[in-house]
Amino acid sequence: MTRLATAGEVFQLIRSGEGVTRADIGRTTGLSRPAVAARVAELLQRGLIVEDAEGPSTGGRPPARLCFAASGGVVPVASLGASRTQIALCDLAGEVLVRTDLEIDVEDGPDVVLPLLMDTWDKLLDGWDLDGRGAVVGIGLGVPATVEFAAGRTESARVMASWTGVVIPPIIAERFPVPVLVDNDVNVIAMGEHRAVYAAEFDDLLFVKVSTRIGAGVISGGTILRGALGAAGEIGHIPVRDGGGVLCRCGNLDCVDSVASGTAILRELRAKGRAVRSLADVTALVRAGDAETMAVVRQAGRRLGEVISGAVNLLNPSVVVLGGDVAEMFQPLVSGVREVVYRRSTQLATRSLRIERSRLGAGAGITGCALMVLDRVLSADAIDRTG
Ligand SMILES: [Zn+2]
């Protein structure tokens with residue numbers, strides 16, 4: 001290193017487990033012993049790290065091990081969905097401390113929903129043995145809308161028309177004066193799934209959520225790809241061939257959203273005279289091996305596969321993860337997707353491509369929200385700026 005490592009950079013070594021003793025840090029950074037001691041003392045004093053004397057003994061007093069203080073703060077998060085909202089407090093490692101599911105109708109709008117979220121976080125903070133709002137280091141929110149990430153502004157809300165153009169962070173920061181980060185729900189789920197399940201193996205992942213609507217989150221080179229205005233991954237309105245001329249709510253014909261989403265699967269089964277009320281009914285029929293239902297889901301998978309094959313050619317992910325309610329029908333869905341992706345994507349892009357079912361399930365949004373915040377507030381820059 002040509003310049004001296006900062007306290008923030010030393011913190012990153014400890015947080016990632018690469019610098020566990022003062023001597024390790026000295027070796028990795030080239031800092032002198034007094035310089036290491038000064039930075040470590042600052043981090044200890046700020047409560048960002050703790051000292052643990054239980055190091056491997058080499059005779060005499062063992063060198064103190066330095067550990068990241070995951071319990072040194074709390075991140076309130078919420079993953080808002082059209083049908084269910086999950087609210088939680090996470091520690092600084094992104095682990096869920098306490099979680100609650102809330103019946104919220106997001107259509108009630110931000111004036112109703114945001115105070116309700118903040119009241120719930122306050123209640124959870126009261127019930128937890130913490131320094132109340134003083135322990136909060138940042139807040140993360142996933143919403144079912146396109147989000148201009150830098151501003152935290154919701155654009156073209158998919159389900160929540162009353163949220164369009166709303167800048168969320170200042171509203172929350174009035175009660176919780178900390179960094180408030182807002183992103184699209186599928187993006188936070190993709191981040192959560194990648195970090196918790198695949199980060200050690202892969203840097204490139206495509207997460208496709210198939211529920212009442214279809215959306216995708218792209219992890220490229222280890223980070224989320226948001227695009228110029230936050231609309232990257234909005235694959236729902238890419239049209240498919242031979243969709244049958246279904247009019248999409250966007251005004252175009254045969255968008256994948258209108259021919260392969262959960263809504264489309266329900267519509268097709270009803271048109272065949274099947275009495276299905278919800279996706280849960282469809283899941284039950286798939287589990288029972290009902291041939292007609294399997295065929296409809298597989299056809300939806302083929303149409304989804306058309307759009308995914310284009311994305312695979314463009315992005316060359318290591319793994320495509322299918323999540324959302326329809327992932328409960330994984331077998332017929334994935335066989336339709338595979339059939340088309342392996343036929344239509346380039347050989348190189350599919351050589352080692354895996355197509356898998358979401359493993360985190362509903363909890364991925366919560367984890368992703370926490371990681372989004374922690375990456376910001378615990379970055380080396382942030383630590384040095386707030387020091
Ligand atoms: Zn459309």
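Counting convention: from 1, in listed order, for ligands and their atoms alike.
- Not counting sequence neighbours, the partners of V334 by the side-chain contact (heavy atoms from CB on, under 4.5 Å) test are L322, F330, Q331, R338, I355.
- Shown here are the side-chain contact (heavy atoms from CB on, under 4.5 Å) partners of V137, two or more places apart in sequence or in another chain: V75, L92, V377.
- Around the Zn ion (ligand 1), the protein atoms of type N, O or S found under 2.8 Å away are H237 ND1, C248 SG, C250 SG, C255 SG, listed by chain and number.
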Under 3.5 Å, which donor-acceptor pairs link side chains of residues 195-204 to any protein atom two or more places apart or in another chain?
| residue | atom | partner | partner atom | Å |
| --- | --- | --- | --- | --- |
| R195 | NH2 | D375 | OD2 | 2.7 |
| Y198 | OH | E356 | OE1 | 3.0 |
| E201 | OE2 | R354 | NH1 | 3.1 |
| D204 | OD1 | G221 | N | 2.9 |

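- Summarising the local packing, CZ of R33 is surrounded by 12 or fewer heavy atoms from other residues, nucleotides or ligands at distances under 6.0 Å.
- Enclosure of atom CZ in R274 by more than 12 non-hydrogen atoms of other residues, nucleotides or ligands within 6.0 angstrom is indicated.
- Side chains of R39 and T29: a donor-acceptor N/O pair is absent below 3.5 angstrom, by distance only.
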